[in-house]
Amino acid sequence: MKVTARIERLHEIGMRARIRVVAWDLFDVREAILDAVRENAIGYPILYDPSREAVESYSNGYGARATPSFCIIDENGIVIESWIHDFDRFEAAVERLAGVELG
Amino acid sequence: MSALGLPASPNLEHLKNEAKELLASFRIHDAKAVRRVEAALRLTPFPPTRMLRLSDAQLVVARDYGFASWPRLRNHVLRIAKSPVQSSIGGDPEALAVYREMIAAFRAAQSLSFEIRSEHRYWLADESVTGMTRLWLSKPNQLRQESFDSSGALYATSVVSDGRLLGYWYGKRPKYEGEEEDAYQRTCENAYYQRDVDMGSTYPFLNDTAQVLRMMPFIQAVEPGLFFRREPPRNRLIVAYRSYGTEVVDGQICDIVEIEMSIETPHRSTRIWIARSDRFPRRAIETWAGAMEWTTTEEWRNVSPIAEMPDGTFRWEPPDGWTRWSLAPDAGLIAPGTPAPDFDVALLDGGKLNPAKLRGWKVALALGWGWVAAW
């Protein structure tokens, strides 16, 4: 399943459990938009702010460089966990937080 | 996606009002509204303990018009509203034919080599970057790319063969954000990068790994991945084709074609000089007008659609003593237990998102490079 569809599913799961699933295509905003429009997959928030300041502040804060980066933040704005590369882990984290039975 | 029952020129405000009226009717237990909600949400009866929200009513409206979600309906309507030719492709049929001939030429070639000299200009920052990329492509899945900086020095090469990408730098590799200086100094020389690639189905290496690793100057206006039969994502967004006559570029008579793409806020057009002799590009100028305006100008030279590939073009093995390098797994990542850094950015749907709006919610944040499209 394409990641766009997987994120959309996670977004729907999250909305039922007060989890906001947010995806941001950090650098190549152009292709993110293209794909999102093409797939009609803007059922979840995709951030769009290609200004250099936004890129710098984001990348410095969250570790997103040229590598997919993931972060889980709790209700009080405290980072619970962060990692890179592993989208499967992201999917599992949202499902776990939402209490979805895996399997 | 279907849009059954939606007017030819739908109005977003009307649809919003329809959702609000539905919500109001539902809340006074209007039988027709209740049945509509129950049917669309597949909740019969609607749970008495659950409050219907405006977002639920919008979802009902969206589903009634054949859309899976309100954002999809909204974006469909916005796209139609922005498009000067509604949802159909318009413009000059001859320009469309020439553009299609260019795509066909890429796909028909068994081997191809060329150079792209390019300038990428950010207008708001009044900055420009120049560079040159030399490419050799061979079907089904072989590629060699050499990247030169603005001074003409070769600084990186990448080779794709048998589903494996090997990339390496001449001299020091680039330093990445979040990378500790000590770690960089230890690994910046005699380093190579390796990953598996599938030229036919994944996000093209040319716009992904090559840029991630700074192995190329920037995004191509005309994507060489067309050679590997990749469907250009922009094709779905083209709203008009135009002809701008002919011009001689690099000794070739070229038909000038402009494709205009319409997406929500930004606007993009690409003008391509397509040679009559072989239907490959000789020049392309892409303009992106949005929150960040830039122009990419490409000059294609030494285009050879019957290129002979010298032995070893697609082979490279790391010399003894070289190190396979990848980003450290935790370099620059925010540590658990610390407050999430502030941010305030725009959403594609026009809204804003910042931490203040997310207090009380858990947030699962995924950031990346092109990965929304890539995976």
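Quantities reported herein were computed from a predicted structural model and do not represent experimental measurements. Each chain gets a letter, A, B and so on, in the order the sequences are listed, and its residues count up from 1.
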Legend entry - For the student: nearest non-hydrogen atoms of A:R20 and B:W361, plus distance: N-CE3, 3.6 Å
Inset, instruction - Please report the closest heavy-atom contact between B:R359 and A:N76, naming both atoms and the distance. - result: NE-O, 3.8 Å
Inset, instruction - Counting only heavy atoms closer than 4.5 Å, note whether A:I80 contacts chain B via side chain, backbone, both or neither. - result: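 Interface part for A:I80: backbone (N, CA, C, O).
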Legend entry - Top contributor to chain A interface from B:S55, B:P339, B:G337, B:P336 [non-hydrogen pairs under 4.5 Å]: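 Sorted descending by pairs with chain A, the first entry is B:P336.
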Legend entry - Distance, nearest 0.5 Å, that separates OG1 of B:T338 from CD1 of A:I73: 9.5 Å
